[in-house]
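Here's the structure, in structure tokens; my notes come after.
Computation of the quantities below employed the complete heavy-atom set of this structure, encompassing side-chain atoms and omitting hydrogens, waters and symmetry-equivalent molecules.
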Amino acid sequence: PGSKLLVAIMRISTVTLAVCTVIASGQELCNTFQNVDINPHTPGMGNMPAVDVSTCCKICTSPEWWSKGCRFYTLSKGNCWFKTNNATVVPSPGKVSGQATAVAPPPPPPPPPPPQK
């Protein structure tokens, strides 16, 4: 059992070339992995157009997508591909993947209207 764990750790370390954290409202929401594809060639939960990986993070951590089980995503060719798990992680130059770690906090309520005179 110990040797399998070591192999898994080594495999992940060769795939993860850079890790970044996306923070919103002081809360870490996503970890980002450069040159990595998560569950390639699977439809997962679907996709949406995006210009950058922070958009993928925002969508996956939104209450709508989080409640559907979104926890991982890969940005590829202008689309975010959303996944519920990371069963397969492979090196893939040019792709950026991420892990959603928390649901985004709701926006603050609007300010009350000014008092009427």
Side-chain angles (χ1 to χ4, degrees):
S3 63
K4 288 181 182 177
L5 178 60
L6 179 60
V7 171
I9 291 170
M10 290 173 60
R11 184 172 155 237
I12 290 170
S13 68
T14 61
V15 170
T16 306
L17 301 178
V19 178
C20 305
T21 302
V22 178
I23 300 175
S25 302
Q27 179 181 9
E28 287 186 16
L29 297 179
C30 297
N31 295 315
T32 304
F33 309 96
Q34 301 292 323
N35 300 310
V36 171
D37 196 353
I38 295 175
N39 294 347
H41 311 294
T42 62
M45 301 176 63
N47 67 301
M48 293 188 72
V51 295
D52 57 35
V53 74
S54 65
T55 301
C56 300
C57 175
K58 288 176 188 172
I59 295 169
C60 192
T61 60
S62 70
E64 176 187 358
W65 281 83
W66 182 266
S67 66
K68 294 177 185 179
C70 189
R71 298 300 181 270
F72 298 91
Y73 49 85
T74 297
L75 177 63
S76 176
K77 299 179 182 177
N79 282 291
C80 297
W81 295 88
F82 301 103
K83 314 290 179 160
T84 58
N85 64 64
N86 64 341
T88 306
V89 178
V90 298
S92 187
K95 294 185 180 176
V96 183
S97 293
Q99 175 184 13
T101 58
V103 66
Q116 295 185 358
K117 296 181 180 184

Minimum heavy-atom distance between Ala50 and Leu75, given as atom pair plus value: O-CD1, 4.0 Å

Taking distance alone, no hydrogens or angles, what donor-acceptor pairs closer than 3.5 Å link side-chain atoms of residues 91-100 to residues at least two apart or in another chain?
unit_1: Lys95; atom_1: NZ; unit_2: Asp37; atom_2: OD2; d: 3.0
unit_1: Ser97; atom_1: OG; unit_2: Val36; atom_2: O; d: 2.7
unit_1: Ser97; atom_1: OG; unit_2: Thr74; atom_2: OG1; d: 2.7

Can you give me the closest heavy-atom contact between Leu29 and Thr61, atom names plus distance? O-CG2, 3.8 Å

Selection residues 43-52 - residue pairs positive for side-chain hydrogen bond (donor to acceptor under 3.5 Å, both in side chains), sequence neighbours left out: Asn47-Asn79, Asp52-Ser54, Asp52-Thr55

Minimum-distance pair of heavy atoms, taken over all atoms of Pro40 and Val90: CG-CG2, 3.7 Å

Report yes or no: is the cationic atom of Arg71 (NZ for Lys, CZ for Arg) under 6.0 Å from the centre of the six-membered ring of Trp65, at an angle within 45° of the ring normal? no

Thr84 meets the side-chain contact (heavy atoms from CB on, under 4.5 Å) criterion, sequence neighbours left out, with Met45

State, to 0.1 Å, how close Trp66 and Thr101 come at their nearest heavy-atom pair, and which atoms those are. CH2-C, 3.7 Å

Mind jotting down which residue pairs meet the disulfide (SG to SG under 2.5 Å) criterion with at least one end in residues 70-117? Sequence neighbours excluded, please. Cys56-Cys80, Cys60-Cys70

Determine the minimum heavy-atom distance between Asn85 and Phe72, stating which atoms define it. C-CD1, 3.5 Å

Does any part of the side chain of Ile59, heavy atoms only, come nearer than 4.5 Å to the side chain of Phe82, both counted from C-beta? yes

Set of residues satisfying ring-ring contact (aromatic ring centres under 6.0 Å, His included) with respect to Trp81, sequence neighbours excluded: none

Only pairs at least two apart or in different chains count here, so list each side-chain hydrogen bond (donor to acceptor under 3.5 Å, both in side chains) that has a residue in residues 103-112. none

Can you find a pair of side-chain heavy atoms, one from Tyr73 and one from Thr32, that are under 4.5 Å apart? yes

Measuring from atom CG of Asn39 to atom CG of Asn86, what distance do you get when rounded to the nearest 0.5 angstrom? 7.0 Å

